[in-house]
4 protein chains.
Amino acid sequence: MSTSSGRPRSIHADQAILQATLDLLAEVGYESMSIEAIASRAGVGKTTIYRRYTSKEELVADAIESLRNDLAIPDTGSFWGDMDIVIKNAAKKIDSPLGRQTLALIISTASSNPQFAEVYWTKYTKLRREAFAKVLERAKSRGEINDNADVDLIIDLVSGSLYYALIFKPTTEPVEAYMRRTIDILMKGVGSGEMASLREKGKG
Amino acid sequence: MSTSSGRPRSIHADQAILQATLDLLAEVGYESMSIEAIASRAGVGKTTIYRRYTSKEELVADAIESLRNDLAIPDTGSFWGDMDIVIKNAAKKIDSPLGRQTLALIISTASSNPQFAEVYWTKYTKLRREAFAKVLERAKSRGEINDNADVDLIIDLVSGSLYYALIFKPTTEPVEAYMRRTIDILMKGVGSGEMASLREKGKG
Amino acid sequence: MSTSSGRPRSIHADQAILQATLDLLAEVGYESMSIEAIASRAGVGKTTIYRRYTSKEELVADAIESLRNDLAIPDTGSFWGDMDIVIKNAAKKIDSPLGRQTLALIISTASSNPQFAEVYWTKYTKLRREAFAKVLERAKSRGEINDNADVDLIIDLVSGSLYYALIFKPTTEPVEAYMRRTIDILMKGVGSGEMASLREKGKG
Amino acid sequence: MSTSSGRPRSIHADQAILQATLDLLAEVGYESMSIEAIASRAGVGKTTIYRRYTSKEELVADAIESLRNDLAIPDTGSFWGDMDIVIKNAAKKIDSPLGRQTLALIISTASSNPQFAEVYWTKYTKLRREAFAKVLERAKSRGEINDNADVDLIIDLVSGSLYYALIFKPTTEPVEAYMRRTIDILMKGVGSGEMASLREKGKG
DNA sequence: TGCTAATCGAGACGGTACGTCAAGTCTTAAG
DNA sequence: CTTAAGACTTGACGTACCGTCTCGATTAGCA
């Protein structure tokens, strides 16, 4: 067994690899990006990459993860106040060339590669969802949202529709407006008055 | 000019290529599927494939498109009656190895390839959305759904969340149950009673 | 069997094929010349070529054979007078792109294909050698050449060295000068004076 | 600068490639021999071949060159003594199935492929010619050959006529006898006595 | 201070698949 | 029944990367 002997891994190489990966990701996209190109760009031997990562997915997941900035959970005192910040944060991330590229990459990779999907989910998505969930729970406790509303499902709807729109209808309105509409319709519901009354009665 | 001269394209080859593509898609998946394997399986020269399609995406898109069955728009007289059929149709498609493969492929390709996204959207998605929209419009005219509900956005939410769940949470509940929950929460809305009352007043 | 029924072979196609073959032979060379290019250049279907020739060699052999012009045996009264004409005829043939191409082709094919070598020898080479031999025999009878000189061997030496030089030293002097030097050295011999004297004595 | 960095070229691969090339050359001939077949036979990737050679010609030239045994320049003290050895060496090479096959191949390739001709010339032919030239120069200094005899041209004549005969008259006498006759006629010359006298006078 | 062992950049290794090209065969409509 | 056109199967081409494997040259910490 080898505990610590030998030359230690080069931190400089670590960083160069991640940076080169992100650069190429933005330049040529995931599919057209070869390990050899990354190695060359990073000024690193292929071996040095393969010693760290067993697959392109793993490498890319780590590269993207390295971008993760700490996310503060907003607490303005009102649902829409908090949502405003959540929405603006999301929009800031996504409404840029690299942002869309990155998102497309994640969805693309995850959809054809369940392992990546899981890694990405636990490492990245989960944290953001927990932040969103906290905001929703607070809204619940304030009485702004139904007690028995399924928080997880709400997040699915907001995130899912956003991704969907970005993939299939990329030229339409800005992210911020779209998200606002999404949450609005979710809050109000689309059922007619009678049904709403029914619901109210059922509650009472 | 070449209007009709020369040996015509072989219809048999057309079909053999598409069938081999679908078979391999289900067997080894999109990434591991090589053009050479398709040609070999179809008993066809590579040239014959390249004469028809310039890329794997194009070929696969056509293969999937060839699967498209005609979709009848249900009209049972009630919203949930119609939805039951819509949901079951969707579930039948998606809840199979090939179905999930295919969906993953489409999302994967579309997210990293805007051209494909557009082609697929106009050729395929649009038709299904129009069917869904019709069901929603009928529900509106029956008073089961709010007059001013944004039909397009509803479809985004239902489709988007479904795709999202399939990609990132593939092991959970069946498609049918998930969709039912989605539509349910959308109908009722998550806003609290007061807000619902507000909404009613605003309408009045 | 059908002797004459149906549409007759097109004589125009015959000629167009041969001409296109010769053109391309001169332009791109034997190896880089494709049947498809010949067909296209001749305005003819590939089938039409394959109906007439079973191989590229056969086609090219026929094309070259079609060029063969009748050769008159010179008789100027002196060895070097005759040789002048022989040499100039040879040079005229060989010192052109097509000529060198053709020669290369013949040697290439003949050296790897004894059947072709034999056919070509009897159909073509023999006639030229007989003309050359006649010139040499006349020189003998005039006393310009040794009585017991081996005419066949002389022709071998002159032809062989010419071919050899064209293949391996193609960029040097013109054919005419080279041949003149060849024949000159052959006439004089390279043996030193003593040996020449010895030879003279042996003769006497 | 890259003097020694990276994994060194495999000598084993070098040899395997050359051997496979020679084997296939003898078995199927130059034209029908594919790089892929060579790679497969040698147990080597195609890349490994293309890393070493940019063309089939280059590879084949090297393979043939590898057969070259060291040629000692004979020095027996007399022209015919040296020539005996030169002739016997040549005959030994050519008078075998592989020898003729190889020679045919070389001529065939060289005549239709100037690049090969040049490579082969500088790598192989030149050395043998230099050996032959040395023998001739020594004969000159011994007075057995004319001072002003064109050594290069003599070699052309001897080599050229031999190749010529092997291609076009393959069934005749053995190589050894033919070469002896060639050199003999060259030594003596074919010009008549008067011309020989003229030559002597010109010299005096 | 010198030894040991893992790391480094570099690049060759045996392979797979790519997309292109030409080969020779087959099939059509037109003559 | 031949023609021109062009699609067919086959198979080699040369290129790009894959993931693995040497190399000689650095680096640490342990002795």
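In what follows, every heavy atom counts, from backbone to side chain, and hydrogens, waters and symmetry copies are set aside. Below, read A as the first sequence line, B as the second, and so on, with proteins coming before strands; counting in each chain starts at 1.
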Between [atom2] of [N] and [atom1] of [X], the distance in whole Å:
X: I11(D); N: dA12(E); atom1: CD1; atom2: C1'; result: 13 Å
X: R7(A); N: dA28(F); atom1: CZ; atom2: P; result: 7 Å
X: R9(A); N: dA5(E); atom1: CZ; atom2: P; result: 18 Å
X: K46(B); N: dC8(F); atom1: NZ; atom2: P; result: 16 Å

*Mind checking what makes side chain to side chain contact (heavy atoms under 4.5 Å, CB included) contact with A13(B), not counting sequence neighbours?*
S10(B), V44(B), T48(B), R52(B)

*Listed by chain and number, what are the side chain to side chain contact (heavy atoms under 4.5 Å, CB included) partners of E36(D), not counting sequence neighbours?*
S34(D), K46(D)

_Looking at the base of dC21(F), is there any donor atom on it, or on the side chain of T47(A), that sits under 3.5 Å from an acceptor on the other one?_
yes

*So which pairs with a foot in residues 106-116 of chain A pass salt bridge (Lys or Arg N to Asp or Glu O under 4.0 Å), sequence neighbours left out?*
none

For [X], side-chain hydrogen bond (donor to acceptor under 3.5 Å, both in side chains) partners two or more places apart:
X: E31(D); result: none
X: S32(C); result: none
X: R51(C); result: none
X: Y50(D); result: none

*Is there a residue in residues 31-41 of chain A whose heavy atoms reach under 4.0 Å of DNA chain E, and which residues are they?*
none

*Between T48(D) and G43(A), which has a closest nucleotide on DNA chain E that is more 5'?*
G43(A)

*asked:* Holding to salt bridge (charged side-chain N to carboxylate O under 4.0 Å, His left out), I want the full list of residues that pass it with D62(B), two or more places apart in sequence or in another chain.
replied: none

*State which residues pass salt bridge (charged side-chain N to carboxylate O under 4.0 Å, His left out) with R9(B); sequence neighbours excluded, sorted by chain then number.*
none

*What distance do L24(C) atom CG and Q19(C) atom CD have between them, rounded to the nearest 0.5 Å?*
10.0 Å

*How long is the gap from CD1 on I106(D) to OG1 on T125(D), to the nearest 0.5 Å?*
7.5 Å

Pairwise N/O distances under 3.5 Å, protein to nucleotides 1-4 of chain E:
none

*asked:* From the set dC8(F), dC8(E), dT10(F), return the single nucleotide nearest to any side-chain atom of S10(B).
replied: dC8(F)

*Could you identify which residues of residues 49-61 of chain B place a heavy atom less than 4.0 Å from some atom of DNA chain F, listed by residue number, or say none?*
R51(B), R52(B)

